Amino acid sequence: MNTYKKYIMGFIGCGHMGMAIAKGAIAKEYLERFQICVYDPSEEVRKACKGQGFNVLSSEKEVIRNSHLVVLAVRPQILDEVLENMKGEPIDTLLSIVTGATIAHLQAALDNAPVIRAMPNTPLQISEGATAMCKSENCKADEYDFVFQLFNSMGVTKTIPEDKMNEIIALSGSTPAYVYYFINCILKDAVDRGLDDWDARALLVQTVIGSAKLLQQNPKTSIEDFINEVCTPGGTTIEAINSMREQHLDTLLHEANEKCIKRAEELG
């Protein structure tokens, strides 16, 4: 860093994901609250940030002038408008979590600023996130390492080629919603069959947690082996799995991912 900056990390936009990153940085003792600043046009968000002890500034440019690491956490639909407001201020390092926004697009708008691009997901809020990252050629290794380790302290982080970032959206970025939808479908069916809503939800959620932990703790065991472990030949579960296969659930998911990735490309 060539000049003194008052804050280590400055957020342009601080919705759910931006707030999760900021709070995670504090919880993991990477930063103190006074080292974080925020600009967001929403009065509600500004109030929430003040409640967290973050410094609330008056514009995008003020965040850039005063922050070493600028976190861009706005909706893709307003990205270009925000980038226009950011022009003219030299950026030490930009961390973008904007869906679909390429490094080339960001650098073209911001005078070739060093860029780190990250795709976290919402479980980051409870330090169980999955984050994919990449960087521009002019981003310093120590800057990238700081951000990588920050995300890694809040879950699992992997470096991937930028041309696969949109595929990551379908793999882990959007997948929490897939999981919630799948759980909700099973839960509704259970309730329709007469089970108590709260009891069914508790059992179902724990089943998902336990199943995921088994996968996590046995990374060398194939997922097919786990399926076969539950599916006794001639038993009950194999009937359900065969029904899903006959209905081509894998094809349905592939087509859903295709639409997800296509939309990410449109937004980018």
Side-chain angles (χ1 to χ4, degrees), residues 1-76 78-79 81-83 85-99 101 106 110 113-133 135-136 139-155 157:
M1 168 167 84
N2 296 324
T3 58
Y4 171 77
K5 297 292 180 70
K6 186 175 181 181
Y7 306 107
I8 301 297
M9 187 178 287
F11 287 79
I12 297 176
C14 198
H16 294 300
M17 193 61 71
M19 183 66 81
I21 295 169
K23 291 169 72 172
I26 295 164
K28 300 301 178 179
E29 299 184 346
Y30 273 76
L31 297 174
E32 299 287 346
R33 295 178 191 275
F34 69 85
Q35 294 176 310
I36 294 174
C37 69
V38 174
Y39 167 71
D40 195 292
S42 165
E43 183 177 350
E44 182 180 353
V45 172
R46 292 196 301 270
K47 184 177 180 180
C49 289
K50 287 180 180 178
Q52 289 293 326
F54 306 148
N55 298 278
V56 176
L57 304 186
S58 61
S59 70
E60 295 94 341
K61 288 186 176 181
E62 191 177 3
V63 169
I64 296 170
R65 290 187 198 114
N66 289 283
S67 305
H68 176 47
L69 177 66
V70 176
V71 184
L72 187 58
V74 300
R75 290 181 292 107
I78 65 168
L79 174 63
E81 176 187 344
V82 173
L83 289 175
N85 294 337
M86 295 169 64
K87 286 182 178 179
E89 293 292 335
I91 297 173
D92 288 355
T93 304
L94 180 75
L95 167 60
S96 171
I97 63 168
V98 181
T99 301
L106 296 168
L110 300 174
V115 173
I116 298 169
R117 185 178 172 192
M119 176 52 60
N121 60 14
T122 53
L124 193 79
Q125 298 172 65
I126 57 167
S127 294
E128 293 289 353
T131 304
M133 288 178 52
K135 69 180 182 69
S136 63
C139 177
K140 294 179 181 178
D142 59 344
E143 301 287 354
Y144 186 77
D145 186 60
F146 173 83
V147 175
F148 184 97
Q149 295 303 331
L150 173 60
F151 280 117
N152 209 40
S153 73
M154 293 184 275
T157 306

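Just so it is clear, the model here is predicted, and its values are computed rather than measured.
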Any [X] side-chain heavy atom under 4.5 Å of [Y] side chain:
X    : Y    : value
I36  : I26  : yes
T122 : M17  : yes
L72  : M86  : yes
T131 : F148 : no
M9   : F146 : yes
I21  : F151 : yes
E60  : V63  : no
I64  : I12  : yes

If I take atom [atom1] from residue [X] and atom [atom2] from residue [Y], how far apart are they, to the nearest 0.5 angstrom?
X   : Y    : atom1 : atom2 : result
M19 : Q52  : CE    : CD    : 5.0 Å
S67 : L94  : OG    : CG    : 11.0 Å
C37 : I8   : SG    : CD1   : 10.5 Å
K61 : I91  : NZ    : CD1   : 11.0 Å
N66 : Y7   : CG    : OH    : 6.0 Å
L95 : M133 : CG    : CE    : 7.0 Å

Problem - Side-chain donor or acceptor of E81 paired with backbone N/O of I78 under 3.5 Å - result: no
Problem - Backbone of S58 reached by a side-chain donor or acceptor of E62 within 3.5 Å - result: yes
Can you see which heavy atom on [X] is nearest to which on [Y], and at what distance?
X    : Y    : answer
G18  : I97  : N-CD1, 4.4 Å
P76  : V98  : CA-CG1, 3.8 Å
D40  : C14  : OD2-N, 3.0 Å
L79  : A101 : CD2-CB, 3.5 Å
C139 : I116 : SG-CG1, 3.5 Å
S153 : K28  : O-CE, 3.1 Å

Exercise for the section: For a side chain to side chain contact (heavy atoms under 4.5 Å, CB included) with L69, tell me which candidate from D92, L31, V147 qualifies. Expected result: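 Per the side chain to side chain contact (heavy atoms under 4.5 Å, CB included) rule, the option paired with L69 is V147, out of D92, L31, V147.
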